[in-house]
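Report on the structure given below.
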Amino acid sequence: MRFGVVSLFPEMVGTIGEFGVVGRAQKRDLIKLDIENPRNHTSDVHRTVDDRPYGGGPGMVMKFEPVAAALASVQGKMPEGSPIVYLSPQGQMFDQAMAKRFAKLPGLVLLAGRYEGIDERLIESHIEEEVSLGDFVLSGGEIAAMAVIDAVVRLLPGVLGDDESAVQDSFMDGLLDHPHYTRPEEVEGRRVPEVLMSGDHAAIARWREKQALGRSYLRRPDLLDKLDLNDEQRMLLDEFLKEQSQ
Ligand code: 4FM
């Protein structure tokens, strides 16, 4: 899959390809990352990418032409059917379902803004989707674009090893993850739950699903509302809640 990013801080975005899962995917040519700086698409001596807002007020706005030219340049390298996504708090909420949808595309272009915003006419003429990571305000779209790339790349075939993929499955059935433990058996008087050391794989799977259901119920009831729990899962959640109140 190909990723294009338009950003005034290309070095910042480039670090996404230096580490971990995304770094490995890039080294193995499973993804290609093209980053374009609107500043390289200016024609004035000051290489101006921002200007004062019409109507007045504080802050600056990213100019139409350099961003449009950077987008055109990056789109020229992308396969047909690679939408342009703008990251902003005004966008549709990003979630795992959206990551899965993006992972089916041949390519994705991400526009990371800076300052108070981009000229609205860019959104009208160039942007297919406006996407938000959540109800908070970042200083620019770069970290959001990097988060989207990370979430999408780990869904691409062949990117995660078999072990990592198995871990992912549990998270992707719409529930929060279960708790994790590693050695030693006891730290500061806190012991690892006995079942995890029993070697009984069925019991362990059952305990983990119970924990995932219970934590989702307590912390993110909105997630459970979206699911249609089967009889077994309802029983596990019931057990969890009884054990909670003991
Ligand atoms: C976006 C700053 C555009 C400047 C931002 C411009 C954000 C979010 C966010 C900040 N992006 N989810 N929340 N962006 O805060 O995606 Cl021009």
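Note that the structure is a prediction, hence the values are computed from the model and not measured. All ligand and atom numbering here is 1-based and tracks the order in the structure.
Of the protein's non-hydrogen atoms, the one nearest atom 17 (Cl) of ligand 1 is R114 O, 3.0 Å. For atom 1 (C) of ligand 1, the closest heavy atom belonging to the protein is L87 O, 3.6 Å. The nearest protein atom to atom 2 (C) of ligand 1, hydrogens excluded, is given as G140 CA, 3.6 Å; this is a heavy-atom distance. Counting only heavy atoms of the protein, atom 3 (C) of ligand 1 lies nearest to Y86 OH, 3.3 Å. Nearest to atom 4 (C) of ligand 1 among the protein's heavy atoms is Y115 O, 3.3 Å.
Considering backbone and side-chain N/O of G134, one or more are found under 3.5 Å from N/O of ligand 1. The shortest N or O to N or O distance between L133 and ligand 1 is below 3.5 Å. By the 3.5 Å distance cut-off applied to N or O atoms, L138 is counted among the residues near ligand 1. For ligand 1, the polar-atom distance check finds an N/O of F136 within less than 3.5 Å of one of the ligand's N/O atoms.
We find that K63 and D119 are not joined by a salt bridge, their nearest charged nitrogen and carboxylate oxygen being 4.0 Å or further apart. A salt bridge does not link R154 to E164: none of the charged side-chain nitrogens sits closer than 4.0 Å to a carboxylate oxygen. With respect to the salt-bridge test (charged N to carboxylate O, under 4.0 angstrom), the residues K27 and E18 do not qualify. A salt bridge is defined here as a Lys NZ or Arg NE, NH1 or NH2 lying under 4.0 Å from an Asp or Glu carboxylate O, and K242 with D238 meets this definition.
Applying the ring pair (Phe, Tyr, Trp, His ring centres under 6.0 Å) definition to pairs two or more places apart or across chains, those involving residues 19-75 are F64-H126.
Close approach of ligand 1 to G113 (heavy-atom distance below 4.0 Å) involves ligand atoms 4 (C), 6 (C), 17 (Cl). Against a heavy-atom cut-off of under 4.0 Å, V137 is close to the following atoms of ligand 1: 15 (O). Distances below 4.0 Å separate heavy atoms of A144 from the following atoms of ligand 1: 11 (N), 16 (O).
D95 is linked by a side-chain hydrogen bond (donor to acceptor under 3.5 Å, both in side chains) to nothing, counting only residues two or more places apart in sequence or in another chain.
Within the structure, ligand 1 lacks M62 among the residues with a heavy atom less than 4.0 angstrom away.
Between the side chains of E209 and Q233, at least one donor N or O lies within less than 3.5 Å of an accepting N or O.
Summarising the geometry of M146 relative to I16, their closest heavy-atom pair is O-CD1, 3.3 Å, with the distance given to 0.1 Å.
Within 6.0 Å of CZ in R234 there are more than 12 heavy atoms belonging to other residues, nucleotides or ligands.
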